[in-house]
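Structure first, then comments.
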Amino acid sequence: MKNTILTSILALGAVSAASAQQAIETPKFGDNWSAGIKAGVTTPMNNSPFFGGMRPVITLDVNKKLTPTYRVGLEGMFGINTSRQNGRGPVSTTAFDSSYIGTYGAVNLFNLFGGYPGYTRPFDMEVQAGAGWGHRFETAIHDQNFFATKFGLNFNFNVSDNVTISVSPSFLWDMTSKPVAQSTASYNKNRANFNLEAGVAYNFGGNGFNVVKPYNQAEIDDLNGQINSLRGTVNAKDAENAELAAKNAALAKENEQLRNRPAQVETVVKNNLESVRYVFFRIGSSAIGADQQPNVEMIAAYLNNHPNSKVVIKGYASKDGPEELNIRLANARAQSVKDALMKKYKIPASRIVAEGQGIGEMFEEESWNRVAICILEAN
């Protein structure tokens with residue numbers, strides 16, 4: 001490890017801070033504060049067995065995210081006095097044999113290189129560097145204070161916007177090199193400890209970073225133009241719909257007037273009532289029933305007795321059922337009488353006129369309006 005580590009971390013932090021300002025809404029002061037606790041082990045990097053010199057360590061941490069990429073914090077790490085170190089026996093009469101209190105900066109590598117997606121990723125990784133005050137609790141000699149630096153990684157598992165579980169390996173250096181003056185800094189593995197911790201942190205402000213789209217006047221003007229164009233189209237369609245509605249209302253009124261207008265039945269009566277005969281039909285039928293055959297026969301007899309005579313047959317239907325069906329039924333009833341005269345009684349088609357007249361309203365008894373009225377014309 002060289003002196004360039006801190007420089008690199010600070011450079012990464014500067015880049016991340018700059019990138020995080022892009023399209024990120026400024027959070028409130030109370031957003032994105034976190035407090036956490038970690039526990040693990042620490043062991044000297046030299047002059048002691050790696051596992052034999054290992055002892056428990058606990059870290060308390062308070063921090064704030066300045067951007068989605070960069071956060072700063074204050075941490076205190078305490079080595080628990082439960083093991084022998086360097087074969088000398090316990091070095092402290094307190095519960096702790098060492099402590100470190102320092103400030104740090106951390107850079108979220110995923111947000112730095114992958115961009116902030118607008119939400120908390122389920123997993124991310126940070127690089128963290130800091131500096132502070134180290135202290136060793138001694139019994140044989142005086143306690144030792146020293147300037148320390150710390151470098152490590154955080155593997156973060158984000159359970160939610162508020163809860164993060166992390167695994168954090170790190171190195172802590174005593175920057176004083178005895179017997180050199182304590183102001184002389186040195187990254188020396190003989191004066192370094194390796195730490196491995198796991199812990200949980202709670203974010204009191206949740207995910208307080210909102211991605212906002214930068215203001216673009218040209219784009220807004222274009223959208224306003226599109227909106228105005230759509231409004232014009234809607235207004236034109238509204239006017240067209242109003243015109244169609246007026247036409248529909250006029251047609252509905254005309255249709256209602258036609259429905260309510262009494263049917264004009266043209267009945268030609270020559271000489272007397274003997275010139276008119278009726279053939280009645282069952283509902284929905286155009287077939288001539290057996291009870292109506294005598295009426296058809298009387299019409300055929302008249303035509304045979306008067307060779308120059310003609311007959312006009314007008315078919316009607318009652319109001320029962322759909323209007324379109326009744327119109328067809330009226331035509332069929334007139335044609336049915338005509339076919340009977342031609343086929344059974346051999347009356348020439350030239351002497352017969354058959355017309356459908358639609359719905360009849362001649363009789364108050366509705367069933368009587370299912371009729372073919374046959375008007376005999378003698379020449």
### Query
Which heavy atom of Ala334 sits nearest a heavy atom of Gly315, and at what distance?
CB-N, 3.6 Å
### Query
Would a line drawn from the ring center of Tyr202 to the ring center of Phe204 be shorter than 6.0 Å?
yes
### Task
State, yes or no, whether a side-chain contact exists between Ile359 and Asn369 at a heavy-atom distance under 4.5 Å.
no
### Message
Between Asp174 (side chain only) and Ala148 (backbone N and O only), is there a donor and an acceptor less than 3.5 Å apart?
### Response
no
### Message
I'd like to check Met362 versus Gln357 (side-chain heavy atoms, cut-off strictly below 4.5 Å). Are they in contact?
### Response
no
### Query
Looking only at heavy atoms, what is the nearest atom pair of Arg121 and Gly115, with distance?
NH2-O, 2.9 Å
### Task
May I ask you to decide if His306's main-chain N or O and Ser309's side chain share a donor-acceptor pair within less than 3.5 Å?
yes
#### Entry: Any donor-acceptor pair under 3.5 Å from Asp61 side chain to Ile37 backbone
no
### Query
Hey, does Ser275 have a side-chain heavy atom less than 4.5 Å from the side chain of Glu377?
no
### Query
Is there a donor-acceptor pair under 3.5 Å between the side chain of Asn193 and the backbone N or O of Thr42?
no
### Task
Spell out, as yes or no, whether a donor-acceptor pair under 3.5 Å connects the side chain of Asn305 to the backbone of Ala301.
yes
### Query
When rounded to the nearest 0.5 angstrom, what is the spacing between CG in Leu303 and CG in Leu341?
6.5 Å
### Sidechain N-carboxylate O distance under 4.0 Å for Lys344, Glu297
no
### Task
Verify the ring-centre separation between Phe123 and Phe157: is it less than 6.0 angstrom?
yes
#### Entry: From CA spacing to verdict: side chain to side chain donor-acceptor pair (under 3.5 Å), Trp33, Asn203
CA-CA 6 Å; Trp33 284 92; Asn203 184 352; over 6 Å; no
### Query
For the side chain of Thr164 and the backbone of Ala201, is there at least one donor-acceptor N/O pair under 3.5 Å apart?
no
#### Entry: With Tyr187, the ring-ring contact (aromatic ring centres under 6.0 Å, His included) member among Trp173, Phe151, Phe171
Trp173
### Heavy-atom pair with the smallest gap, counting every atom of Arg333 and Ser285
NE-O, 2.8 Å
### Message
Does Asp221 form a side chain to side chain donor-acceptor pair (under 3.5 Å) with Gln217? I'd like the steps, not just the answer.
### Response
CA-CA 6 Å; Asp221 292 342; Gln217 185 61 48; 2.6 Å; yes
### Task
Could you tell me whether the side chain of Met298 reaches within less than 4.5 Å of the side chain of Arg277, counting heavy atoms only?
yes
### Message
Asn295 vs Gln292, test: side chain to side chain donor-acceptor pair (under 3.5 Å). Steps then yes/no.
### Response
CA-CA 6 Å; Asn295 295 335; Gln292 298 299 310; 2.9 Å; yes
### Query
Applying the 4.5 Å side-chain criterion to the ILVMFWY set and letting contacts propagate, would Leu153 and Val57 be lumped into a single cluster?
no
## Note on the structure
Separation between CD1 (Ile373) and OH (Tyr316), nearest 0.5 Å, reads 5.0 Å
### Task
Work out which heavy atom in Asn108 is nearest to a heavy atom in Pro68; give both atom names and the distance.
CB-O, 3.9 Å
### Query
Could you go step by step and tell me if Val276 and Cys374 meet the side-chain contact (heavy atoms from CB on, under 4.5 Å) rule?
CA-CA 6 Å; Val276 180; Cys374 305; over 6 Å; no
### Task
Kindly say whether the aromatic ring centers of Phe110 and Tyr116 come within a distance under 6.0 Å.
no
### Query
Under a single-linkage definition using a 4.5 Å side-chain heavy-atom cutoff for Ile, Leu, Val, Met, Phe, Trp and Tyr, are Phe155 and Phe113 assigned to the same hydrophobic cluster?
yes
### Query
Backbone N or O of Asn81 within a donor-acceptor pair of the Asp97 side chain at under 3.5 Å?
no
### Query
Would you say the side-chain atoms of Asn228 pair up with the backbone N or O of Asn224, donor to acceptor, closer than 3.5 Å?
yes
#### Entry: Cation-pi check, Arg136 onto Phe146 ring (under 6.0 Å, within 45° of axis)
yes
### Message
Could you tell me if Asp222 and Gln226 have a donor-acceptor pair between their side chains, going purely by distance under 3.5 Å?
### Response
yes
### Query
Do Thr120 and Asn158 meet the criterion of a side-chain donor-acceptor pair at a distance under 3.5 Å?
no
### Task
Could you tell me whether the side chain of Asn156 and the main chain of Ile165 form a donor-acceptor pair under 3.5 Å?
no
### Query
Would Glu361 and Lys319 count as a salt bridge (charged side-chain N to carboxylate O under 4.0 Å, His left out) if you check the C-alpha gap in whole Å, the side-chain angles of each, and the deciding distance to 0.1 Å?
CA-CA 9 Å; Glu361 297 181 350; Lys319 294 179 180 179; 3.5 Å; yes
### Task
State, yes or no, whether a side-chain contact exists between Ile288 and Val296 at a heavy-atom distance under 4.5 Å.
yes
### Task
Indicate yes or no: does Arg71 engage Glu126 in a salt bridge with an N to O separation below 4.0 Å.
yes
#### Entry: Under-4.0 Å salt bridge between Asp31 and Lys64
no
### Query
Does any donor atom in the side chain of Asn195 or Ser170 lie under 3.5 Å from an acceptor atom in the other side chain?
yes
### Query
Same cluster or not: are Val200 and Ile58 linked, directly or through other Ile, Leu, Val, Met, Phe, Trp or Tyr residues, by side-chain heavy atoms under 4.5 angstrom apart?
yes
#### Entry: Under 3.5 Å: donor-acceptor pair, side chain of Arg370, backbone of Gly284
no
### Message
For a side chain to side chain donor-acceptor pair (under 3.5 Å) check, start with the C-alpha distance between Ser168 and Glu197, then their side-chain angles and the critical distance, and finish with the verdict.
### Response
CA-CA 5 Å; Ser168 304; Glu197 299 174 281; over 6 Å; no
### Task
Could you tell me whether Glu324 atom CD has more than 12 heavy atoms of other residues or ligands within 6.0 Å of it?
no
### Query
Is there a ring-ring contact (aromatic ring centres under 6.0 Å, His included) between Phe78 and Phe96 once you walk through the steps?
CA-CA 6 Å; Phe78 303 91; Phe96 307 103; 5.4 Å; yes
### Query
Between CG of Asn63 and OG of Ser34, what distance do you get to the nearest 0.5 Å?
4.5 Å
